[in-house]
Amino acid sequence: MKRYTFSISKANYDLLHKHLFPGDGDEHGAVILAGICETANEVRFLAREVILAREGQDFVPGRQGYRALTANFVAHLSNRAANEKLCYFTVHNHGGSDSVSFSQTDLDSHARGYPALLDITNGGPIGALVFAKNAVAGQIWTRDGIKQLDQMKVIGKNLKRLFPKPPKIAGINAAIYNRQSLFFGSVGQARLARSKVVIIGAGGVGSIVSEHIARLGVGHIVAIDYDKIEDSNVSRVMGSRLWECFSWLQASRLPLLKKLGIWLATYKVDIAKRVAKQANSNVKFEAIRGSICSKEVVEKCLDADFIFLCADSMQSRLVFNALVHQYLIPGIQIGSKVPIDTRSGSVENVFAVARPVLPEASGGCLLCNELISFAKLQDEALTEKQRRQQAYVADPLVKAPSVVTLNALGSAQAVNYFLFNHLGLFNETLAKPGYRMNLVRENSWTTVACKQNPDCLHCGSGNRSIYGRGDRASLPCPN
Amino acid sequence: MSPEIKPEVASAIDEIRRAYPSSEVEVTPDPDGGAYVKVSNLHIGSQFNPATSWCLFRITFQYPFADVYPHYFVDGLQKVSGEPQPQGIHVGNPCDVNGVNHPATMVSRRSNRLNPATDTAALKLQKVLDWIRTQ
Amino acid sequence: MNTNNNQSTTGIHAGGAATQTNKPQPKYACVVGDMLFPMPRAKLSALTILEQAGYGADFVLVRDHGGPDDVTFSDEQIVDLREGNVFSVAARCDHKPNSQCLQPAKLAYAISDSWELTLNPNQTRESLIRLFGLSAEVEILRDYESPQDEIIGHGAPVTFNQGAVLLVRNLGIKVKVNNHDVHLVKRRVTGREIKEAAVAQGVAIQVGFVLYRYLLDGSLTPAIGDDEVVTVKDCDSFNCIDQDDVS
């Protein structure tokens, strides 16, 4: 049976919470327009926009209840939902703190008016949410019947989960996790076991991330890479062995043996799987030999809880950034660079970085922070022949320097970020905004602030933005 | 059945049609969801022979995040005065459309500060035409 | 109440004599105080009309000629609806008796429970279509007891005294309410009529919901009141929802 969940950014949740609980102990109302993500096991609603109902104008004394959202308010917003292919959710609050449920008046109002709303929104789904201070209940209306909301996730620096009533979670007390459970508890361990994490790229950075999160006890890992191991990778790819590169065969002058060597070489994702299983035999590990830029692969990532970007291409950055903002999935981009002056050959500033990307304003959007080169993006779409014709001038044969210890710096930072984010361990008042960059040659760290462009097509709130649209917008992948 | 053009690319093509109502706009989808677009009957300047040309360019599936360039004009474009070609204009540089070469003159004007929120394929075409008309 | 059937029909025809005939009898109706009431026959007492319209002994019946000399009837007087079927009422103590008026009486034609006023007793199918704002594709039938309803052909006369109670079917006006097709009986309809038709045709709304019309750009008009008359055309689209009560 499918679970029904709701994801909302912390910024939108705070806006809503402040409106519903201003301290007057009264009821207040709002509407959320949401995108939707449907996978085999889950239907996830994605809060794209929160519209607050104005007291006395949009939220008035009710005919059959204490209060009501006016017909005008409902009509215009449900019409917007229909036009923009979004799901319409009514919101109001009750008193209380850790548990909440709909009153009979609420349910009667749904029964009266929601069939019409389903028709107006072309089958919706539509629904209602009722909040207490630390709880939320939801009723979702679909053409296939009425469903109940399982939980809401507030995506911020700390992931916060809200339920209709406090859930009973059985902790995990396995001996292998004993030392880390002393930090975040057996319930935290259980939360890790239930999480699904995507790793884009299983090379020097991705292989470290994969082993670390497997050892942490993450229950479901999806690793994506189309590449096979080569001998130049072995110094950086965790668990790789020189013999599985079959480089002696690939070095052969005979084309058939060369091809055999290429065919026999192990895929990086299969190495990552082997290492992860050694660390945690219970892990569900999907080793995907493919590219994140392919529709079939990206569809396996839509219900992830966290995404690590450990690949270099601009296209993978674009898809990653789209996933974060279109599907409200927190993520982190990891990299290290050893820049070399091509004229003098000298090594410039070496850095390692892990850039968190959260689905909200100033959340680290790669587009807003100019981390996606549009020129390189277009070049990546060309064939070799087209690049030659366009006199594409880059250095295709020159590879950038890459060192395992520098990769480890960024990877560890990133995995720690995931751990703290997922288990709500950050000290929100003290945690600095932006991200930290390790300037290795200077033996120092610097904090980099994040920019935001309100017109951004990923994280912005404009009509053309894909923010929170989920399945109702297309991802930047080729057909 | 021809591949489906992505909605963002289709919107870009619609905008080109509206911006150039007296031109024929031919569209050839590429396999990834982008399209090759050929806009006919564009005046490029009496300093050139011919003074009017079509313009062919590719809008890739990554649009609006990928720049639209280069732009291709009729092959053999020459300055009437006999002067050498300005920098950025490459005669005899064919355009590859889905693996098939089409003789053309390539004009390469990369946008260094692309803003996906505002820079459209129609706007880029106008900028390229404005540039070539001043050469 | 008379019943009409194929085998034996007893009715009061012109002149008031009861006869037996095989011809089906037309239905009759009158308007009293701006409301339409079916009546059992063409000739009946003023008191009967008052009673059927729900007026008590304090009122007298007045036929509407549109002027100061409207004809008033005593209770026992026989009223011929074919001479005019639009009435008002006056307080018995106030009325001035008047038995004659030079102005023609107003006539109300009724089509499928809607009515329109005219002074012209010689209508045709086409003039009635224009009077009621119907689609040109409709069929208009003279309303006898079904299945004897008689289709009125193109150009055919529909004279008042032959029966002014009619039916319409095969309406060409199809609108959408909450994305569902709804067929309407006429072009000028009130908000309530649209909602009632939608409810009758299975749309999941209630008559108490609020109605809006979609504009071409997809936005909504202000709410359409229950008594507000709008002119509809094919493919018009409406949104009808309720306020959302919470507690």
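A, B, ... follow the sequence lines: proteins, then strands. Residue 1 opens every chain.
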With a 4.5 angstrom heavy-atom cut-off, which part of [X] approaches chain C: side chain, backbone, both or neither?
X	answer
A:N83	side chain
A:T70	backbone
A:Y114	side chain
A:H92	side chain

Where [X] and [Y] come nearest, the two heavy atoms and their spacing:
X	Y	result
C:I140	C:R125	CD1-O, 4.0 Å
A:A116	C:A204	CB-O, 3.6 Å
A:P125	A:I140	CB-CG2, 4.0 Å
A:P166	A:S99	CD-CB, 4.4 Å
A:G460	A:S465	O-OG, 2.7 Å
A:L20	A:G29	CD2-N, 4.3 Å

Point to revise | C:R142 and C:L166, any side-chain heavy atoms less than 4.5 Å apart | key: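 Touching, per the 4.5 Å side-chain cut-off.
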
Exercise for review: For the residue pair A:Y88 and A:L86, establish whether any side-chain heavy-atom pair is separated by less than 4.5 Å.
Suggested key: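 Side-chain contact under 4.5 Å: no.
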
Check your understanding: Among residues 206-215 of chain C, which residues come closer than 4.5 Å to chain A, judged by heavy atom distances?
Key ->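 Answer by number: C:Q206, C:F209, C:V210, C:Y212, C:Y214.
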
Review point. Which members of residues 237-247 of chain C, sorted by number, sit under 4.5 angstrom from chain A on a heavy-atom basis?
Key: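 So far as heavy atoms go, C:N239, C:C240, C:I241, C:D242, C:Q243, C:D244, C:D245, C:V246, C:S247 are the residues that approach chain A to under 4.5 Å.
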
When [options] are compared by non-hydrogen pairs under 4.5 Å with chain C, the top option:
options	answer
A:H94, A:H110, A:R80	A:H94
A:N122, A:N72, A:L117, A:L118	A:N72
A:T105, A:V74, A:N79	A:N79

Check your understanding: Are A:K10 and A:D14 close enough, and set up right, to give a salt bridge (charged side-chain N to carboxylate O under 4.0 Å, His left out), and what steps lead you there?
Key -> CA-CA 6 Å; A:K10 183 163 186 311; A:D14 287 347; 2.8 Å; yes

Review point. Under a 4.0 Å N-O cut-off, is there an ion pair linking A:R472 with A:E84?
Key: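 Salt bridge: no.
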
Check your understanding: When you check the gap from the basic side-chain N to the acidic O, do A:D108 and A:R112 get nearer than 4.0 Å?
Key ->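 Salt bridge absent between A:D108 and A:R112.
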
Check your understanding: Should A:F73 and A:T90 be marked as a side chain to side chain contact (heavy atoms under 4.5 Å, CB included) after you check the CA-CA gap, both sets of side-chain angles, and the distance that decides it?
Key -> CA-CA 11 Å; A:F73 191 69; A:T90 313; over 6 Å; no

Review point. Out of C:D181, C:D234, C:D236, which one pairs with C:K176 under the salt bridge (Lys or Arg N to Asp or Glu O under 4.0 Å) rule?
Key: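 Per the salt bridge (Lys or Arg N to Asp or Glu O under 4.0 Å) rule, the option paired with C:K176 is C:D181, out of C:D181, C:D234, C:D236.
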
Check your understanding: Is chain A contacted by the side chain of C:L220, its backbone, both, or neither, given a heavy-atom distance below 4.5 Å?
Key ->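 C:L220 touches chain A through backbone and side-chain heavy atoms alike.
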
Point to revise | Residues of residues 54-68 of chain A contacting chain C, heavy-atom criterion under 4.5 Å, by residue number | key: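 Near chain C, by residue number: A:F59, A:G62, A:R63, A:Q64, A:G65, A:Y66, A:R67, A:A68.
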
Point to revise | With C:V165 via side-chain contact (heavy atoms from CB on, under 4.5 Å) - residues at least two apart | key: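 Counting only residues at least two positions away or on another chain, C:V165 forms a side-chain contact (heavy atoms from CB on, under 4.5 Å) with C:K27, C:A29, C:D143.
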
Check your understanding: Do you know which of C:A223, C:G218, C:P222 has the most heavy-atom pairs under 4.5 Å to chain A?
Key ->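 Among C:A223, C:G218, C:P222, the one with the most close pairs to chain A is C:G218.
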
Practice item. Decide side-chain hydrogen bond (donor to acceptor under 3.5 Å, both in side chains) for C:S219 and C:D217; before the verdict, give the C-alpha distance in whole Å, the side-chain angles of both, and the deciding distance to 0.1 Å. Key: CA-CA 6 Å; C:S219 62; C:D217 63 357; 2.6 Å; yes

Review point. Can A:E42 and A:T5 be said to form a side-chain hydrogen bond (donor to acceptor under 3.5 Å, both in side chains), step by step?
Key: CA-CA 7 Å; A:E42 185 181 349; A:T5 65; 2.6 Å; yes

Practice item. Let me know which of C:F160, C:F132, C:Y28, C:W115 forms a ring-ring contact (aromatic ring centres under 6.0 Å, His included) with C:Y109. Key: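 The ring-ring contact (aromatic ring centres under 6.0 Å, His included) with C:Y109 is passed solely by C:F160 among C:F160, C:F132, C:Y28, C:W115.
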
